[in-house]
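Structure first, commentary second.
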Protein chains: 2
Amino acid sequence: MDGSPSPASQSPWMPFESRRRARDEKREAVLRMAVQLFLEQGYHRTTLNDVAERLNITKPALYNYFSGKDEILYECWAIGQERVDDCLNEIAAGGGSGLAKLRKLIVGYAEVMTTDYGKSLVRFDMRDLTEHNRRIVQLAKRKIDRAFRSYIREGIADGSIKPCDAKLSAFAIAGSLNWIGHWFQPGGKLPPETIAEEFAIHLTEGIAAKTTRKKAEKPPVKAKKMRGGTR
Amino acid sequence: MDGSPSPASQSPWMPFESRRRARDEKREAVLRMAVQLFLEQGYHRTTLNDVAERLNITKPALYNYFSGKDEILYECWAIGQERVDDCLNEIAAGGGSGLAKLRKLIVGYAEVMTTDYGKSLVRFDMRDLTEHNRRIVQLAKRKIDRAFRSYIREGIADGSIKPCDAKLSAFAIAGSLNWIGHWFQPGGKLPPETIAEEFAIHLTEGIAAKTTRKKAEKPPVKAKKMRGGTR
DNA sequence: CCCGTATATTACCCGCGGGTAATAAATAGT
DNA sequence: ACTATTTATTACCCGCGGGTAATATACGGG
């Protein structure tokens, strides 16, 4: 039934009939289309008409779900941020050396960066948001930065990481990871997991206390649990 | 202003030259103000009125020097690119191992990234440009990317760099460097040169064949080994 | 069946900002 | 001083696109 007859469009609004989808699903559909277009064309070059049209609806319909364009932008960002937060929480829940935590963060963050919502964390201009939302974003960014730095400091303290400037190292690592959001596209030959693992090794190779050439201990990166709910 | 070194009577071309020079200076003043505002407020939120106003002129006056807003954006980018090109040419002219060249590039590129025009290389959206200019930009970006990769490959070939995936390593390094353009601001306690040197060491620490503290061949990078404490 | 609510549409507003005359003021060349 | 050219100003156009009002259609409950 809900199997759309024509997969040409992922939109729940098939021209006329089945419009009885749950509200949240429609909201999500809007966000998925929006983030895709924002990334593809840029926020300012993407009109709400563009978004609506590709969903087989009209612009004002969007206002049933969002208060304005900037809120859509914010929600896209928020979904990506949520995934990073999940990652941070998982790490905080687990144990391990500073280096181990840092690597977990790199792997998780890198994988997020290969998704549309993840890209929105670094490709969107936060100055397009309202003052209120912008502050939330800035706070979140500081949180991520602090995580990187504190894991590095932790690693230095526990001996798993060589003494180094935590701030600069964090910038270097975060920069490499954020850049993924600019060059990665799903079609490539390197799958996200491979990229993430390679980066986890490479980016810590310079600061790890011991030689990093260990192949074991990592293959099963833990059950990567898929959260069913999208949001 | 420009004290004419000799009376105009001696050189009939002098007036012409001086006028052209004055024109170029004004053009540059426009670009300096534009790049500053574009970085500060973002391209789309910066109006030509903003630019003109801060220069004590009016919007249409800008059209004496530029054909439109997008051309101003392009010229800002071009200045930054020129500096990178200078850096690339210097490296190409000199010698050294692949690793040495890579480090030179890191130092040079990092320093460019701390300038306004350098930031424009990574903070501006090329999709705001005309098709023609966008193609030039893409070409230049590929050129830089090729430089990173080829130095790495060269380093692997001559033994100065450990075997690794040149493409991924280049992305990682370029990402760290490009990120500088997002976080650096002149007021900080770390001067650009220090950042550049630190990055040159850190970013190659993982892939350098031997311990990084070697002064073999040429010492293009000052032996600033001071690791650990940093400051 | 009727009504309330949620959802969608059509038609419109309007402000922002890039770009363009038409024209005035400055500067060089003779 | 007169003229041509460059450079600047004032005043305007107009299209794009975010946002709104009025309205139509569907759905669910009594």
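Chain naming here is simple, since letters A, B, ... match the order of the sequence lines and numbering starts at 1 in each.
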With respect to the phosphate group of [N], does any side-chain polar atom (N or O) of [X] fall under 4.0 Å of OP1 or OP2?
{"X": "A/Tyr63", "N": "D/dT20", "answer": "no"}
{"X": "B/Tyr65", "N": "D/dA8", "answer": "yes"}
{"X": "B/Thr58", "N": "D/dT9", "answer": "yes"}

> Applying side chain to side chain donor-acceptor pair (under 3.5 Å), which residue pairs with at least one partner in residues 59-71 of chain B are found, sequence neighbours left out?
Replying inline: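 Those involving residues 59-71 of chain B are B/Ser67-B/Glu71.
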Can you tell me the distance, in whole Å, between the [atom1] atom of [X] and the [atom2] atom of [N]?
{"X": "A/Ile57", "N": "C/dA8", "atom1": "CD1", "atom2": "C1'", "value": "9 Å"}
{"X": "A/Arg23", "N": "D/dA26", "atom1": "CZ", "atom2": "C1'", "value": "16 Å"}
{"X": "B/Leu55", "N": "D/dA8", "atom1": "CG", "atom2": "P", "value": "10 Å"}
{"X": "A/Glu53", "N": "C/dA8", "atom1": "CD", "atom2": "P", "value": "16 Å"}
{"X": "B/Phe66", "N": "C/dG18", "atom1": "CZ", "atom2": "P", "value": "15 Å"}
{"X": "A/Asp50", "N": "D/dG18", "atom1": "CG", "atom2": "C1'", "value": "13 Å"}
{"X": "A/Asn56", "N": "C/dT7", "atom1": "CG", "atom2": "C1'", "value": "16 Å"}
{"X": "A/Leu62", "N": "C/dT9", "atom1": "CG", "atom2": "C1'", "value": "13 Å"}

> Yes or no on side-chain contact (heavy atoms from CB on, under 4.5 Å) for B/Phe199 and B/Ile173, after CA distance, side-chain angles and deciding distance?
Replying inline: CA-CA 9 Å; B/Phe199 268 60; B/Ile173 293 172; over 6 Å; no
Can you name the atoms? Protein N/O to nucleotides 14-17 of chain D N/O, anything below 3.5 Å, with the distance.
none

> Are A/Asp165 and B/His202 linked by a side-chain donor-acceptor pair shorter than 3.5 Å?
Replying inline: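 No pair is found: no donor N or O on one side chain lies under 3.5 Å from an acceptor on the other.
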> Looking at A/Leu37 and A/Val51, what are the two nearest heavy atoms and their distance?
Replying inline: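 The answer is CD1-CA, 3.7 Å.
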> Given the rule in the side-chain contact (heavy atoms from CB on, under 4.5 Å) test, do B/Lys141 and B/Gln81 qualify, once you have shown the distances and angles that lead to the verdict?
Replying inline: CA-CA 9 Å; B/Lys141 287 192 184 299; B/Gln81 180 61 34; 6.0 Å; no
> According to the ring pair (Phe, Tyr, Trp, His ring centres under 6.0 Å) rule, which pairs have a member within residues 132-153 of chain A, sequence neighbours left out?
Replying inline: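 As it turns out, the ring pair (Phe, Tyr, Trp, His ring centres under 6.0 Å) pairs with a partner in residues 132-153 of chain A, which skip direct neighbours, are A/Tyr109-A/Phe148.
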> Within the modelled atom types, does a donor on one side and an acceptor on the other bring the side chain of A/Asn64 and the base of C/dA8 under 3.5 Å apart?
Replying inline: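 Yes, a donor-acceptor pair under 3.5 Å.
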> If you check every side-chain atom of B/Lys26, which of C/dT9, D/dT9, D/dT7 has the closest atom?
Replying inline: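 Of the candidates, D/dT7 comes closest.
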>> For A/Trp183 and B/Phe171, take the angle between the two ring planes, folded into 0 to 90°, and tell me which bin it lands in: parallel under 30, tilted 30 to 60, perpendicular over 60.
In response: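 Correct class here is parallel.
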